[in-house]
Structure formats: C-alpha cells, structure tokens
Amino acid sequence: MKQIKLTTATVSTRPTLLGACMEDVNHELYGGIWSQMIFGEAFEEPAADNGVSGMWLPVGEGMFELADGGYSGSHRQIVTDSAIANRGLNKSGMYFKSGMDYRGFVMAKADAAETAGSAEVTVSFRNADCTAVYAETSFTVSGDWAKYAFTLVPSAEEIDGCFVISVKGCAAFGYVFLETGEWGLYKGMHARRDVGEALENMGIGLLRFGGCMANAKDFLFKNMTGPVETRRPYKGWWYPYSSYGFGILEFIELCEKLGVTCVPDFNGWETAEDMRDFAQYALGTDESNEWVQLRMKSEHPQPYKLEFIQYGNEETVTAEFAARFMAACDAVWSVSRDITMVIGDFDYHGHPFDDPYNIPDECVPAAYNVAPGQPPLRMNSLINHQHILEHAAEQGMAGKVWLDIHWWCEHGDTPLPFPDCTWSLYRHFETIAPDSGIKFCVYELNANQHDFERGMANAYAIIEAINHCDILPCMGSANCLQVDGHNDNGWNQGLLFMNNRSVWYQAPGCVDILYNRAMLDKKFELEGDFADNTFNAAATTDGKRVSVILLNRAEEAVDVEVELPEWLNGAYEYEKTVLSYAKNTCNTADAPETIKVPDPELCSGEGKLMLTLAANSIVTVVTK
C-alpha cells in the first residue's frame with residue numbers, strides 16, 4: 001500500500017511544465033509543419049546523370065541541366081521542351097484534396113542563351129506516374145528572374161501525386177513554392193492547419209525552437225529574414241540541404257497564435273550585435289530602428305510577448321562560451337530587461353558530485369558545439385557558470401539567467417538518476433552563487449521511442465518537475481513532431497505524428513493531454529515514502545479543487561491511499577481518468593487512436609482517496 005498525504009500548497013505551477021521542442025530532425029519543419037509541399041524547392045541538391053536536381057524527377061524526353069547561378073540557392077534548373085516533377089518529401093507522394101484550392105509560385109526566367117526570350121510554362125497536379133492530370137494552368141516566362149504565381153484546384157483526390165512543371169521552349173527555375181489555400185493553413189500563417197490544431201489541442205504551454213539544429217554553423221538569425229524565396233539553403237546539422245523557410249521568426253508567430261510560451265534557441269556563435277538586432281525585431285519600440293521597421297512591415301506592429309531567449313545548445317560552458325553568452329545577455333538586455341536568458345547547457349548524469357569545481361568525467365558528457373576543427377570538450381567545473389551568474393547580478397539582472405539541461409527519458413529505468421543529479425546541481429549553485437535566482441529548464445526529454453513505455457517515462461519526469469517546480473518551472477519533450485515513415489536520424493520520439501494528409505498523437509502526446517486536464521495552479525507538498533523507480537505522484541489545487549496524478553509503471557497493480565487536505569472534508573465527487581496499455585503500444589496512421597485519453601469517469605468518495613492502480617497505468621483524479 002502506497003500512502004500519500006497532501007499538506008501545504010503555496011508554490012505556483014506554470015503551464016510551461018508541459019512543453020515540447022521543435023527542430024528540423026525527422027522533418028518536423030521542412031516536410032512537416034511548414035506548409036510548403038515542395039521538397040527541394042531551391043534545386044540545391046546535386047543532379048543525377050539525367051541533369052535534374054536530386055529531389056526532382058524528369059518527365060519524358062527532353063533536355064535538362066542543373067547549372068550554376070540559382071535564385072536563392074547555388075543552382076538553377078534548366079528545362080528545355082520537357083517537364084520535371086516533384087513528389088514532396090523524399091519523393092514520397094503529395095496529397096491533393098478534390099475541389100480545394102492550392103496556391104504557389106515559381107521563380108523563373110527564360111534562358112537567353114538557348115531561347116528567343118520566352119517560354120511557355122504549364123504547372124499541373126498529376127498522379128504518381130504522371131498519366132492523369134487533375135489540374136493545370138499555363139503562363140509565359142520571359143526576361144530575368146520573376147515570380148509567377150498560380151492557383152490549382154484538383155478535380156479528384158490523390159494521395160500519391162506529384163507537381164509537374166512542363167516547358168515549351170527553354171526556361172530556368174530557381175525556387176518553387178506550393179501550399180494549400182487558406183482552408184489548410186493554421187490561422188493564416190504558412191503552417192499546416194491540422195498540425196497547428198493538434199498542437200493546440202494537446203494543451204502544451206511551451207515550445208522551444210532549436211536543439212542540435214541550432215548548432216549548425218550557418219543557423220543564424222539574419223539568414224532567416226526576408227521572403228522565403230530569397231533565403232539561401234544551408235548545410236544543416238541533420239541534413240546537408242536544409243531550408244530556412246520555417247525559421248525563428250515563423251516560430252515566434254506560431255507560438256503567438258498557439259498562445260504558448262516561446263523559447264527561440266540561437267546558435268552559440270551569434271554575435272552580440274546580431275542578438276541586439278533580434279531583440280529589436282522582437283521587442284523593440286523605436287520606430288526609427290531598421291529591425292523594428294522590418295517587424296512592422298511584417299504586419300506585426302506591436303512587440304511580441306517574448307519571455308525567454310536561449311543561447312547555445314548542449315554546450316561546454318568554457319570561459320570562451322561564457323564571454324559570448326554574457327555579451328549576448330548585455331545586448332538583449334539593452335533592448336529589454338524583461339528577458340530571461342537561458343544557457344544552452346548539456347546534461348548531468350551518472351550520479352551527483354560533491355565538488356562543483358571538480359566534476360568527475362562520468363557525470364558530464366563531452367559536448368561538441370566547439371569552434372570548427374576543435375575536438376569535443378568536457379566541462380569539469382561550474383566556475384564559468386558562476387562568472388555568468390555574477391555578471392548578471394552586477395547588471396541588476398539576478399534571476400534573469402536560467403540553465404537548460406537535458407534528461408534521458410525512455411525506458412522503465414529513466415529518467416533516474418537525472419532528477420537526483422539535477423537537485424544536487426541546484427544545491428551547488430545555491431552555494432557558489434547564492435543570490436543568483438537561477439532556475440532550471442529541461443527542454444529535452446530525449447528518447448529513441450514513442451511507445452507507451454516512453455509515455456510513462458515522460459509522465460514520471462513531469463511529476464518530478466511538478467514536485468520541484470520552484471527549481472524547475474519549464475520542461476519539454478524533444479522532437480515534438482515526426483513525419484511518419486521518415487525517421488532518418490534515429491530520434492524516433494515524436495509526440496505528434498503526421499503524413500501528407502493526417503495527424504495523430506503518440507503516447508507521450510497523450511500524456512500531455514491528460515496532464516493538461518489535471519494540472520491546477522499550485523502544487524501540494526507531499527508526505528510519505530511512496531516514490532520509487534516505478535511509482536510516483538504529484539498533486540495540485542486551485543483552492544477549490546484537488547487534482548492528484550498517480551503513475552504505476554510496474555508489472556503488477558498497486559493500492560494507493562491518499563490523505564486529502566482537511567478543507568476537502570466529507571463526501572466528494574471526482575473525475576478519474578486512466579491510461580493503461582502494454583508498454584510497446586503505439587498509434588499508427590491506420591489505427592491512430594489505439595492509445596487515446598478517454599473521457600473521465602465520475603466517481604464519489606468520502607475521507608481518504610482509495611485507489612488500485614493497474615499495472616502500467618497513469619491515473620488522474622480531479623475533485624468536482
């Protein structure tokens with residue numbers, strides 16, 4: 001019998017305890033939430049022997065050449081009296097909905113060396129082998145680079161289609177954009193409506209944009225500005241041909257429309273000047289400033305509601321990094337002193353350590369975001385963290401520097417020992433920087449799976465965060481999104497899966513939905529020797545209701561007795577919700593609700609709350 005007593009409730013919880021990280025791994029962005037249906041839109045991928053850029057296909061006979069001198073990228077695709085086709089993400093096929101409008105544009109020009117000065121171009125929707133045409137429209141291309149907009153309305157549904165560009169004469173193409181009409185966009189922005197609505201319904205309170213993708217050399221804020229067709233492709237962390245089409249600015253807009261706390265993560269080599277310019281763009285009010293003007297031109301005259309900026313990801317906090325971080329802080333705070341700057345640290349694992357200035361190798365990994373050509377570095381001291389926190393205090397900004405650390409969260413033995421290491425780390429900071437006001441964020445609960453066992457591991461971690469929310473007010477699961485069938489980087493851990501026409505939750509996403517329904521304003525202190533590697537609990541209140549979250553990831557049932565607060569006396573009603581599945585259970589495109597959050601069961605009780613938790617179950621109880 002597990003016995004738990006709810007005592008005082010004075011520490012506030014935050015919606016940011018339920019969060020997720022979004023980065024372009026397994027095509028979360030490019031091929032995922034970004035509304036762009038073309039993959040390889042800038043013709044950056046090298047050509048095969050047929051002369052066609054790697055993400056496009058030749059259609060029929062003709063002349064093809066991938067030449068230097070592109071529009072946004074390095075290349076332009078020349079097509080002479082023939083056609084090329086694009087089948088979307090990794091050539092996996094496009095979805096067309098019958099009778100609905102799609103819109104797009106091509107950046108094209110006539111190739112003066114091989115044509116009289118113009119070419120007839122037709123764009124169309126077709127089936128996989130291009131034998132059926134569902135919609136088409138034509139226009140004349142002439143002169144130098146210009147934008148040619150079009151609208152297509154397919155006459156039939158197709159789940160494995162392609163977009164075709166046909167040319168009579170000779171034309172060069174530098175960029176292609178294709179998306180649904182307003183009907184398929186989330187609140188008018190260039191994001192998939194179904195994905196945005198699924199994120200909204202999941203109930204998360206925080207999104208972080210970054211992770212390893214922010215470590216790429218060219219992942220720099222100013223490369224993500226301007227019209228998408230002018231943003232140069234770059235060598236990303238995960239993919240050799242990455243797109244800036246959905247970048248930091250689009251992410252901030254998405255968070256605003258979702259109504260969630262936004263955490264943009266910046267490359268740890270961004271200059272202080274560039275960080276100041278970003279702060280002006282997002283938060284500035286001086287209308288004479290060019291970055292404020294740029295924001296106003298983007299139809300957002302008012303500053304964004306931005307609370308956090310992260311600098312770096314999984315860094316070794318060396319003296320050099322600390323200097324860059326402090327310079328970034330000063331630059332941002334020169335624009336707004338309301339911003340909390342987050343150090344992109346790594347993880348602390350293995351076991352707690354005794355000396356903050358002599359950390360054993362087994363307690364910290366070797367980080368790799370170092371200067372080009374330099375080997376990975378291992379951080380064995382908190383001295384540079386101390387210097388950062390002292391600098392913030394000197395600037396009158398104590399409490400405005402937090403630390404992002406990552407937990408592994410996957411099997412039945414995780415996230416332990418990460419929580420104990422984290423609380424021990426916090427005690428070290430209380431000693432070496434007692435008035436710093438530092439708090440922790442776990443922006444990445446990492447895993448290689450998305451089944452119910454991973455969902456229970458996330459559930460355990462979030463309970464730990466609730467119970468220590470005065471230390472750790474922000475937690476998020478890594479890789480919020482994943483495109484089904486395109487797991488090409490090993491991180492098989494999405495909360496929300498999608499294909500070209502549908503979206504569904506996985507177990508850790510269902511955990512967020514369940515917890516969002518149950519988490520109230522303040523967390524209870526709990527008494528009782530109840531927590532172990534398989535069982536954990538948290539409780540919250542809004543002063544009128546009591547909510548209890550219980551997790552049993554053992555292979556046998558467990559009885560639980562919860563002593564409720566004295567003010568909830570006599571008989572009471574409560575809603576009970578249970579998630580319980582075999583550990584390896586996942587949702588699929590064909591069975592998207594094998595795991596789902598059920599409607600609550602209305603129950604009644606008197607005195608102590610008495611429950612039996614099934615094996616492998618998560619249970620929430622919320623009093624009426």
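The first residue in the sequence is number 1, and the count goes up from there. Note that the coordinates shown come from a computational prediction; the quantities given were computed from them, not determined experimentally.
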When rounded to the nearest 0.5 angstrom, what is the spacing between CG in Leu425 and CZ in Phe418?
-> 12.5 Å
Could you tell me whether the side chain of Tyr460 reaches within less than 4.5 Å of the side chain of Cys409, counting heavy atoms only?
-> no
Do Asn313 and Arg208 touch side chain to side chain, with heavy atoms closer than 4.5 Å?
-> yes
Would you check if the distance from the ring center of Phe246 to the ring center of Phe251 is below 6.0 Å?
-> no
If every non-hydrogen atom of Thr10 is compared with every non-hydrogen atom of Lys522, which pair is closest and at what distance?
-> O-NZ, 3.7 Å
Hey, which of Arg454, Gln449, Glu444, Gln506 is the one that makes side chain to side chain donor-acceptor pair (under 3.5 Å) with Gln493?
-> Arg454
Show which side-chain atoms of residues 590-615 pair as donor or acceptor with protein atoms under 3.5 Å away, not counting sequence neighbours.
{"unit_1": "Thr594", "atom_1": "OG1", "unit_2": "Ala591", "atom_2": "O", "d": "3.3"}
{"unit_1": "Lys608", "atom_1": "NZ", "unit_2": "Glu561", "atom_2": "OE2", "d": "3.4"}
{"unit_1": "Thr612", "atom_1": "OG1", "unit_2": "Asp559", "atom_2": "OD1", "d": "2.7"}

Determine, stepwise, if the pair Asp345 / His385 fulfils side chain to side chain donor-acceptor pair (under 3.5 Å).
-> CA-CA 10 Å; Asp345 208 327; His385 296 77; 2.6 Å; yes
Is any side-chain heavy atom of His27 closer than 4.5 Å to a side-chain heavy atom of Gln482?
-> no
Please tell me if the side chains of Thr261 and Phe308 come closer than 4.5 Å, counting only heavy atoms from C-beta onward.
-> yes
Smallest separation among heavy atoms of Gly205 and Thr16, with atom names = O-CG2, 4.0 Å
For residues His349 and Trp408, determine if any side-chain heavy atom of one lies less than 4.5 Å from a side-chain heavy atom of the other.
-> no
Considering all heavy atoms, the nearest Arg14-Pro473 contact | CD-CB, 3.8 Å
Gly490 and Asn448: which non-hydrogen atoms are nearest, and at how many Å?
-> O-OD1, 2.9 Å
Going by heavy atoms in the side chains, are Leu579 and Phe452 under 4.5 Å from each other?
-> yes
Under 4.5 Å between any side-chain heavy atoms of Leu389 and Phe429, yes or no?
-> yes
With a 4.5 Å heavy-atom cut-off, do Pro434 and Ser436 have their side chains touching?
-> no
If a pair satisfies side chain to side chain donor-acceptor pair (under 3.5 Å) and one of its residues is in residues 389-406, list it, with sequence neighbours excluded.
-> Gln310-Asp404, Glu314-His406, Asp330-His391, Gln386-Glu390, Asp404-His406
When the ring planes of Phe321 and Tyr311 are compared, do they come out parallel, tilted or perpendicular, using 30° and 60° as the limits?
-> tilted
Write down the atom of Thr414, the atom of Arg553, and the distance for their closest heavy-atom approach.
-> O-NH1, 2.7 Å
Whether Thr13 side chain and Asp521 backbone form a donor-acceptor pair below 3.5 Å = yes
Residues Asn516, Met202; criterion side-chain contact (heavy atoms from CB on, under 4.5 Å); working and verdict | CA-CA 8 Å; Asn516 178 56; Met202 195 160 64; over 6 Å; no
Check the pair Asp194 / Arg192 against salt bridge (Lys or Arg N to Asp or Glu O under 4.0 Å), numbers first and verdict last.
-> CA-CA 6 Å; Asp194 55 351; Arg192 277 180 53 168; 2.8 Å; yes
Taking the six-membered ring where the residue is Trp, are the ring centres of Phe497 and His450 under 6.0 Å apart?
-> yes
In terms of heavy-atom contacts, Trp567 and Phe524 come closest through CZ2-CZ, 4.3 Å
